[in-house]
Amino acid sequence: MLDSGLVRSGEWRPGQAVNEVIALMTQNKVDELVVEEFVLYPEEYQQQIWSDMKTSQLIGVLKHIAYMFRIPIEMQGASIKTSTRRQLRARGIKLRGPTEHARDAELHLWYRTLRKQKEDEGET
């Protein structure tokens with residue numbers, strides 16, 4: 001969440017994530033929802049045998065919530081993280097999330113933010 005220039009990130013369990021996203025959308029605090037795409041890599045498929053695929057289920061629920069609130073959803077691949085991390089380092093911006101997943105969420109936010117800034121600069 002980007003709040004007046006302050007980035008706050010954390011980690012929620014699936015049910016908690018649904019409740020928090022609904023609360024934020026109800027309060028009109030969400031312009032768009034950014035979600036990292038879930039891709040089942042060949043080297044990890046064995047771990048998912050007999051799994052109910054909770055991550056992909058959560059993504060589906062979040063997409064539906066965004067649809068109900070008419071909030072655009074942006075799916076981003078994990079590939080944006082490396083280049084974004086380099087850009088942030090070059091700009092002296094530090095990731096502050098308490099966990100790896102929280103810092104990944106920050107990377108996705110910064111990627112969108114920097115991309116929008118670049119688009120806006122191109123319009124002037």
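Position 1 is the first residue of the sequence; numbering continues from there. Quantities reported herein were computed from a predicted structural model and do not represent experimental measurements.
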Novice: Any luck finding a side-chain donor-acceptor pair between E11 and H101 under 3.5 Å?
Specialist: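 There is no such pair between these side chains.
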Novice: Is any side-chain heavy atom of Q46 closer than 4.5 Å to one of I49?
Specialist: yes
Novice: Do L33 and L58 share a hydrophobic cluster, counting only Ile, Leu, Val, Met, Phe, Trp and Tyr and linking them when any side-chain heavy atoms are less than 4.5 Å apart?
Specialist: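 Linked within one cluster.
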Novice: Got a second to check how far Y111's OH is from E36's CD, nearest 0.5 Å?
Specialist: 12.5 Å
Novice: Using the side chain to side chain contact (heavy atoms under 4.5 Å, CB included) rule, take Q76 and R112 through it: C-alpha gap first, then chi angles, then the decisive distance, then the call.
Specialist: CA-CA 9 Å; Q76 292 181 169; R112 294 290 297 154; 2.5 Å; yes
Novice: With sequence neighbours excluded, what pairs up with R115 under the salt bridge (Lys or Arg N to Asp or Glu O under 4.0 Å) test?
Specialist: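 Residues passing salt bridge (Lys or Arg N to Asp or Glu O under 4.0 Å) with R115: E119.
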Novice: Establish whether I73 and I80 are linked, either directly or via other cluster members, by ILVMFWY side-chain heavy-atom contacts under 4.5 Å.
Specialist: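 No, I73 and I80 fall in different hydrophobic clusters.
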Novice: Should I71 and I65 count as side-chain neighbours, where that means a heavy-atom distance under 4.5 Å?
Specialist: no
Novice: Examine distances only and state if a side-chain atom of R103 and a backbone atom of G97 form a donor-acceptor pair shorter than 3.5 Å.
Specialist: yes
Novice: Would you compute the distance between atom CD1 of I22 and atom CD of Q27 and round it to the nearest 0.5 angstrom?
Specialist: 12.0 Å
Novice: Are E37 and I59 packed together at the side-chain level, in the sense that at least one heavy-atom pair is separated by less than 4.5 angstrom?
Specialist: no
Novice: Within the side chain of E106, is there an N or O that forms a donor-acceptor pair under 3.5 Å with the backbone of R96?
Specialist: yes
Novice: Output the distance between atom CD (Q47) and atom OH (Y41), rounded to the nearest 0.5 Å.
Specialist: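 So the CD of Q47 and the OH of Y41 are separated by 13.0 Å.
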Novice: Shared ILVMFWY cluster between I93 and V34, side chains joined below 4.5 angstrom?
Specialist: no
Novice: If you round to the nearest 0.5 Å, how far is CD of Q48 from OG of S56?
Specialist: 8.0 Å
Novice: Would you sort out whether R85 and D104 count as a side chain to side chain contact (heavy atoms under 4.5 Å, CB included), showing the intermediate values?
Specialist: CA-CA 9 Å; R85 192 176 286 114; D104 282 354; 4.0 Å; yes
Novice: In Å and rounded to the nearest 0.5 Å, what is the CG to CE distance from D31 to M25?
Specialist: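 D31 CG to M25 CE: 10.0 Å, rounded to 0.5 Å.
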Novice: Pairs in or reaching into residues 40-53: which pass salt bridge (charged side-chain N to carboxylate O under 4.0 Å, His left out), with residues at least two apart or in two chains?
Specialist: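 Salt bridge (charged side-chain N to carboxylate O under 4.0 Å, His left out) check on residues 40-53 returns D52-K54.
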Novice: Could you please spell out the steps behind the side chain to side chain contact (heavy atoms under 4.5 Å, CB included) verdict for W110 and L95?
Specialist: CA-CA 10 Å; W110 280 112; L95 299 175; 4.2 Å; yes
Novice: Of the non-hydrogen atoms in P98 and S9, which two are nearest, and what is the gap between them?
Specialist: CD-O, 3.7 Å
Novice: Minimum heavy-atom separation for W12 to A17, with atom names?
Specialist: CE3-CA, 3.5 Å
Novice: Step by step, would you call V30 with V21 a side chain to side chain contact (heavy atoms under 4.5 Å, CB included)?
Specialist: CA-CA 8 Å; V30 180; V21 167; 5.8 Å; no
Novice: Counting distance only, does the side-chain N/O of T84 pair as donor-acceptor with the main-chain N or O of K81 below 3.5 Å?
Specialist: no
Novice: What is the distance from atom CD of E74 to atom CG of L109, rounded to the nearest 0.5 Å?
Specialist: 12.5 Å
